[in-house]
Number of protein chains: 2
Amino acid sequence: MYLCSIMARNKEFDIAERLGKAKDLFWEKGYNATSMHDLVDTMKLNPGSIYGTFGGKHQLFMESLKMYCAQSLVHYENAATKAKSPLDAIKAIIQKAIERAFTEDKACLLVKSSFELAKSDAEAHALLKQESAALISMLEKLIRLAQAADEINPNKDAKTMATFIVVSFAGFWQMQLLFNDETMVRNMSKLLLDSFR
Amino acid sequence: MYLCSIMARNKEFDIAERLGKAKDLFWEKGYNATSMHDLVDTMKLNPGSIYGTFGGKHQLFMESLKMYCAQSLVHYENAATKAKSPLDAIKAIIQKAIERAFTEDKACLLVKSSFELAKSDAEAHALLKQESAALISMLEKLIRLAQAADEINPNKDAKTMATFIVVSFAGFWQMQLLFNDETMVRNMSKLLLDSFR
DNA sequence: TACATTTTTGAATGATCATTCAAAAATGTA
DNA sequence: TACATTTTTGAATGATCATTCAAAAATGTA
């Protein structure tokens, strides 16, 4: 017995490419402020195609958030790869976050969505928690390496420091939104690193 | 010539009290997710009374945010007043922020609204910027006092440290929303203070 | 008490929301 | 080429949105 033995018409568009457009729109406007009409315009897809392919606004958002987080993590991993030591890798990730905040000119979708949805949307909350934990976990590993290399105070808790980096990122993005002062944020990133000594 | 020489009917409700109800609703749900119908229910006022008194949803939100920020500042000032030294005052404010995050169980309206509205609502952006600057300014003064008393490193920039406290608050609220782990946040607040040494 | 004026009431308005659906168009396989 | 099946299309749906408005109720002053 063959499943899908007759295929008929194929989709005319690239699913990942259109999901990318949806992701960018949610990123810019936030979940609630993005309407299906906006998505239809931006994705250049009719409602029927969006529902048939992605299921609906909420499922589309969840996939958008997953794509955003996966790409973010790649950005940070790439920045870390070029570094000469674990501490340099951590510094490179912090620099990358600041660079992103001021060039992309919109706040991290993960942070934005945490404040918008964590309390009201259990499904989104679970994903936000998981993706944040993944970023913290990546940083924690680097911090342990830096501690082993005696670049970071080995008496301080690695997970706490890793979380504090992510905590600072949220604030960096807020400061970018409100004051758009890159020098000030770079100065704060030095304080952040001082707390690891 | 008399303006309002004839007064006729007076308002049946207390404006500040109903504004407080609106503030609590915006605080819980965020601007976009709060509907006028929600406000009518919560404020126990008809649409006509809300429009006649406050002007509309946006103006009502702006007044709600002002009220929230004024009350926040009072909370922090009260916490600081009881302290024995400038550094103790700063510590008390940080403790108060964490205590608020975990007892109120919803993120600071100023932080939430920064991520929701800063990029799309110029009027809200101006107010958010102003209110954040006021909090930073209050902390900066305390830091300068602590530096004069040699409780905080006098070689570090007071404004940067003050801003870094507010930056950390944003992240503390995010962590409360996602992980609800008060111990972790308290540990991070120790790192924050370490960065001032 | 009379009444000019304000407040309250809640239905009405027109726009927009997410979602559904039936018909038309397209196409892989037989 | 024939056609079963899928995709596309975009109008239709019913709910909800912020806001307006006209009529009823209330009241301070004369």
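Not measured: the values here are computed from a predicted model. Convention: sequence-line order gives letters A, B, ...; per-chain numbering from 1.
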Problem set entry | Presence of donor-acceptor pair under 3.5 Å, side chain of Arg9(A) and base of dT7(D) | yes

Exercise. Would you write out the dot-bracket form of DNA chain D, 5' to 3', with Watson-Crick and G-U pairs under 3.5 Å, [ ] for crossing pairs, | for pairs to other strands and . for unpaired bases?
Worked result: ||||||||||||||||||||||||||||||

Exercise. Quick one: Leu39(A) CG to dG10(D) C1', roughly how many Å, whole number?
Worked result: 17 Å

Exercise. Taking the inter-plane angle between the rings of Phe26(A) and Tyr31(A) on a 0 to 90° scale, is it parallel (under 30°), tilted (30 to 60°) or perpendicular (over 60°)?
Worked result: parallel

Problem set entry | Minimum-distance nucleotide (side-chain atoms of Phe13(A) versus dG28(D), dT8(D), dT8(C)) | dT8(D)

Seminar exercise, completed: When rounded to whole Å, the CG to C1' distance for the pair Asn46(B) and dA26(D) reads 15 Å

Problem set entry | Value in whole Å for how far the C1' atom of dT7(C) lies from CZ of Phe54(B) | 14 Å

Exercise. How are the rings of Tyr68(B) and Trp27(B) set to each other: parallel, tilted or perpendicular (split at 30° and 60°)?
Worked result: perpendicular

Exercise. Parallel, tilted or perpendicular: which describes the rings of Phe169(A) and Trp173(A), with under 30° parallel and over 60° perpendicular?
Worked result: perpendicular

Exercise. Does dT7(C) have OP1 or OP2 sitting under 4.0 Å from an N or O in the side chain of Ser49(B)?
Worked result: no

Problem set entry | Contact under 4.0 Å: Asn10(A) side-chain N or O vs dT7(D) OP1/OP2 | no

For this session: Could you check how far CD of Glu12(B) sits from C1' of dG28(D), rounded to whole Å?
Result: 15 Å

For this session: Nearest 0.5 Å please: distance from the CE atom of Met188(A) over to the CD1 atom of Ile94(A).
Result: 12.5 Å

For this session: May I have the distance from Lys44(B) (atom NZ) to dG10(C) (atom C1'), rounded to whole angstrom?
Result: 17 Å

Hey, what are the protein-to-nucleotides 15-19 of chain C N/O distances that come in under 3.5 Å?
{"from": "dA18(C)", "atom 1": "OP1", "to": "Thr34(A)", "atom 2": "O", "distance (Å)": "3.3"}
{"from": "dA18(C)", "atom 1": "OP1", "to": "Met36(A)", "atom 2": "N", "distance (Å)": "3.4"}
{"from": "dA18(C)", "atom 1": "OP1", "to": "Lys57(A)", "atom 2": "NZ", "distance (Å)": "2.9"}
{"from": "dA18(C)", "atom 1": "OP2", "to": "Met36(A)", "atom 2": "N", "distance (Å)": "2.4"}
{"from": "dT19(C)", "atom 1": "OP2", "to": "Tyr51(A)", "atom 2": "OH", "distance (Å)": "2.4"}
{"from": "dT19(C)", "atom 1": "OP2", "to": "Lys57(A)", "atom 2": "N", "distance (Å)": "3.2"}
{"from": "dT19(C)", "atom 1": "O5'", "to": "Tyr51(A)", "atom 2": "OH", "distance (Å)": "2.7"}

Exercise. Salt bridge between Lys82(A) and Asp88(A), side-chain N to carboxylate O under 4.0 Å?
Worked result: no

Exercise. Are Arg186(A) and Glu182(A) within salt-bridge range, i.e. N to O under 4.0 Å?
Worked result: yes

Problem set entry | Distance in Å, Phe61(A) CZ paired with Leu109(A) CG, rounded so as to fall on 0.5 Å steps | 5.0 Å

Exercise. Which of these, Asp38(A), Thr42(A), Asp24(A), sits in a side-chain hydrogen bond (donor to acceptor under 3.5 Å, both in side chains) with Lys29(A)?
Worked result: Asp38(A)

Exercise. For the ring pair Phe164(B) and Phe164(A), is the centre-to-centre distance below 6.0 Å?
Worked result: yes

